[in-house]
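This report concerns only the one structure given below.
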Amino acid sequence: MADTVREIERKYEGHGAKQARLPDLSRVAATVTDQGTHKLDAVYYDTKDRRLADAHITLRRRTGGNDAGWHLKLPVGPGVRDEIRAPLTPAVPRELTDLVRSRIRHAELTPVVRIVSRRTVHHLLDDDGTLLAEASEDAVTADRLTRGGRSARWTEVEVELGEGTDPAFLDTVERRLRKAGLRPSKSPSKLARALAETDPAPPKATGKKGKKGKKAAGPTAGDHVLAYVREQTEALLALDPAVRGRAEDSVHRMRVATRRLRSAFRTYGKVLDREVTDPVGAELKWLATELGVDRDHEVLAARLADRLAEVDGTLVLGPVAARLRIAAAGRRKGSRKRLAALLDSDRYLTLLDTLDALLTDPPLRPAAARPPREVLAKAVLRDYGRLASRVEHALATGPGPERDTVLHDARKAAKRARYAAEAARPALGKPAKRFAARMKSVQSLLGDHQDSVMARAALRTLAVQAHAAGESTFTLGLLYGREERRAADDERELPELWRKASRKRHREALLR
């Protein structure tokens, strides 16, 4: 079984040819203890085209030290990674391969680099003997294991924060290291440096000079849209391991990235050819729907639990809480099985390949070459017009199931208008940011209304089950009535909220 450890560390190197040496750190910690010297022998795995390295992911099999085994490191932020550890086995453990499946797809993982470190370790402790950080001095030898590879040697200092220590402590240590002549490493990891320094020699220059190209006139509409598509595609790939590991809110965030991609293809059809992107959008819709099974169950369970907690105890008749928990657990179990199968499916992996191909050879239309402001602003306003039509239709529809459906359609249109403005923000600036916020407020209100519709449907089903079991349905009926009232409140609030969000000056600001 794999374990996950949050790793917060910084690496340092010497200036020029000067070797990196660990200085006296007794001034930054109450006690510094010598933990001895260890030999660490690690073989790093990747695909032939280095897909893991390109994503700043490392996968290694290491012996020596106190944490021998397989280590998969996934980036979280600058200097922060999640390290997933598994016991030593001859081949890469399946549980780790699954976590990088979105990166490697069907490619094979093979040994790429062997790194042997002679590590001298010191522990920095506070007055109570608690570990503040581990500081180590590494003498490193790296050997490329692929054809034509070279070897490299260097020394470096690494400082890893202790569990529960304030990250500001690393700043204190860094000041001492800089005074001793060290500087932050140019490479984010040993693997990155090893790959750079053991790469086969680059081809010799031919001596011919290429023609000078025209000076770029600035980012085009196509540049902005592709940057957004690339950002959301990367979010989708990066969230895959989190979803597989059932990290909190990961399914929701992955679903959002999927929806944003689909929305971008539909909104910016003047920039990217929809004959190419529509089939991709259909697959993204499929993925979002599958992800939504899990997410919608989570939202529904949390909403019903919160509503029950608001009810006075004297009004809770029968095993209502237990029935809610059982229903939520049953939905969760089924959806997780479907989710695991989804992420290993050929259909999902093919979608990822298709997104890569689209970014490599984008289907740009003539408008993609134009300046971004006019092209993107008009696209945002087209989505706004679609939303306005749906809101007006909803306001003109009488209360009841038909109005619920129309309001749900308006919610989806508000989400698309919001995403359109968010995608355009790098080009349109604050007006797009403010416009997106206004569309989000409409989306949130309509989203609460739709959640109420779904909650009432679930409560009715639970009431039927409780009645059949001879239980009281009073509390479930009470919850149903409160949800009905909340939906009515949302409907009363909508006209004023829409009046504020739809002011003409907000739209005109996008074009200035």
Side-chain angles (χ1 to χ4, degrees), residues 7-29 31-46 53 56-68 71 73 75 78-81 83 111-125 131-146 149-162 167 169-201:
E7 178 185 82
I8 303 176
E9 65 179 20
R10 297 181 187 178
K11 295 180 181 294
Y12 301 88
E13 58 189 23
H15 282 284
K18 184 179 180 181
Q19 291 190 329
R21 298 297 185 193
L22 195 63
D24 178 17
L25 296 175
S26 59
R27 294 183 180 179
V28 299
T31 307
V32 179
T33 62
D34 187 344
Q35 299 297 307
T37 301
H38 312 277
K39 180 183 177 182
L40 309 177
D41 192 337
V43 174
Y44 289 77
Y45 286 68
D46 205 338
H56 307 291
I57 295 171
T58 62
L59 173 63
R60 71 188 180 198
R61 184 184 188 275
R62 190 168 79 178
T63 58
N66 57 10
D67 63 347
H71 302 159
K73 298 190 178 187
V80 183
R81 295 186 290 182
E83 181 176 286
V112 176
V113 172
R114 181 187 180 194
I115 297 178
V116 178
S117 302
R118 186 175 179 274
R119 169 169 290 184
T120 302
V121 180
H122 289 81
H123 282 178
L124 310 183
L125 311 175
L131 179 66
L132 296 172
E134 179 177 284
S136 60
E137 178 183 306
D138 293 345
V140 183
T141 301
D143 294 298
R144 192 64 164 254
L145 301 179
T146 53
R150 298 175 291 154
S151 297
R153 295 175 183 271
W154 72 87
T155 61
E156 68 179 37
V157 165
E158 180 179 296
V159 183
E160 182 175 345
L161 197 68
F169 181 68
L170 291 179
D171 296 331
T172 302
V173 177
E174 182 168 309
R175 286 192 288 271
R176 176 71 186 94
L177 296 180
R178 284 180 176 274
K179 286 183 179 180
L182 299 179
R183 64 182 181 186
S185 178
K186 296 178 181 178
S187 298
S189 67
K190 285 185 176 64
L191 176 62
R193 182 166 181 174
L195 289 173
E197 296 190 12
T198 66
D199 209 20

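FYI, the numbering just counts along the sequence from 1.
- For R150 (side chain) and D199 (main-chain N/O), a donor-acceptor pair under 3.5 Å exists by modelled atom type.
- Contact check for Q35 versus S136: no side-chain heavy atoms found under the 4.5 Å cut-off.
- Counting only distance, with no hydrogens or angles, the side chain of D41 and the backbone of G64 share no donor-acceptor pair below 3.5 Å.
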Determine whether K11 and E9 satisfy the following criterion, salt bridge (charged side-chain N to carboxylate O under 4.0 Å, His left out), listing intermediate values before the conclusion.
CA-CA 7 Å; K11 295 180 181 294; E9 65 179 20; 3.7 Å; yes

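- Residues L22 and H122 meet the side-chain proximity criterion, which asks for heavy atoms closer than 4.5 Å.
- Between Y12 and E158, the side chains place no donor N or O within less than 3.5 Å of an acceptor N or O (distance only, hydrogens not considered).
- Among all heavy-atom pairs drawn from A53 and D46, the shortest one is N-OD2, 3.0 Å.
- Rounded to the nearest 0.5 Å, atoms CG (L195) and OG (S187) are 9.5 Å apart.
- Heavy-atom contacts from other residues, nucleotides or ligands closer than 6.0 Å to NE2 of H56 number 12 or fewer.
- The shortest distance between side-chain heavy atoms of V32 and L125 does not fall below 4.5 Å.
- Considering CZ of R178 and CZ of R183, their distance stands at 10.0 Å, rounded to 0.5 Å.
- Atom OH of Y44 is separated from atom OG of S189 by 7.0 Å, given to the nearest 0.5 angstrom.
- Using a 4.0 Å cut-off between a side-chain N of Lys or Arg and a carboxylate O of Asp or Glu, E83 and R81 do not qualify as a salt bridge.
- Applying the 6.0 Å contact sphere to CZ of R144 captures more than 12 heavy atoms from other residues, nucleotides or ligands.
- Of the listed residues (R118, R21, K39, R119), just one forms a salt bridge (charged side-chain N to carboxylate O under 4.0 Å, His left out) with D138, and that residue is R119.
- Under the 4.5 Å side-chain criterion, counting only non-hydrogen atoms from C-beta, S151 is not in contact with T198.
- For the pair I57 and L191, the tightest heavy-atom approach, listed with the atom from each and the gap, is O-CD2, 4.4 Å.
- Note that CG of L124 and OG1 of T31 are 10.0 Å apart. Values are rounded to the nearest 0.5 Å.
- Shown here for A20 and G14, the closest heavy-atom pair between the two residues is CB-N, 3.8 Å.
- In terms of modelled atom types and a separation under 3.5 Å, the side chain of T155 and the main chain of Q19 share no donor-acceptor contact.
- Counting heavy atoms from C-beta on, the side chains of L170 and V159 come closer than 4.5 Å.
- Remark: K179 NZ to L177 CG distance equals 11.5 Å, nearest 0.5 Å.
- In this structure, the separation between CG on L132 and CG on L25 is 11.5 Å, given to the nearest 0.5 Å.
- The pair E197-R153 does not meet the salt-bridge criterion, since no charged nitrogen lies less than 4.0 angstrom from a carboxylate oxygen.
- Side-chain atoms of Y45 and R60, non-hydrogen and from C-beta on, never get closer than 4.5 Å to each other.
- Between I115 and V140 the shortest side-chain heavy-atom distance falls below 4.5 Å.
- At a threshold of 4.0 Å, the pair R62-D67 counts as salt-bridged, since one of the basic side-chain nitrogens sits closer than that to a carboxylate oxygen.
- Nearest heavy atoms, L145 versus P111: CD1-CB, 3.7 Å.
- Scanning all heavy atoms of the two residues, the minimum distance from L182 to P23 falls at CD1-CD, 4.4 Å.
- At a threshold of 4.5 Å between non-hydrogen side-chain atoms, the residues L59 and H71 do not count as touching.
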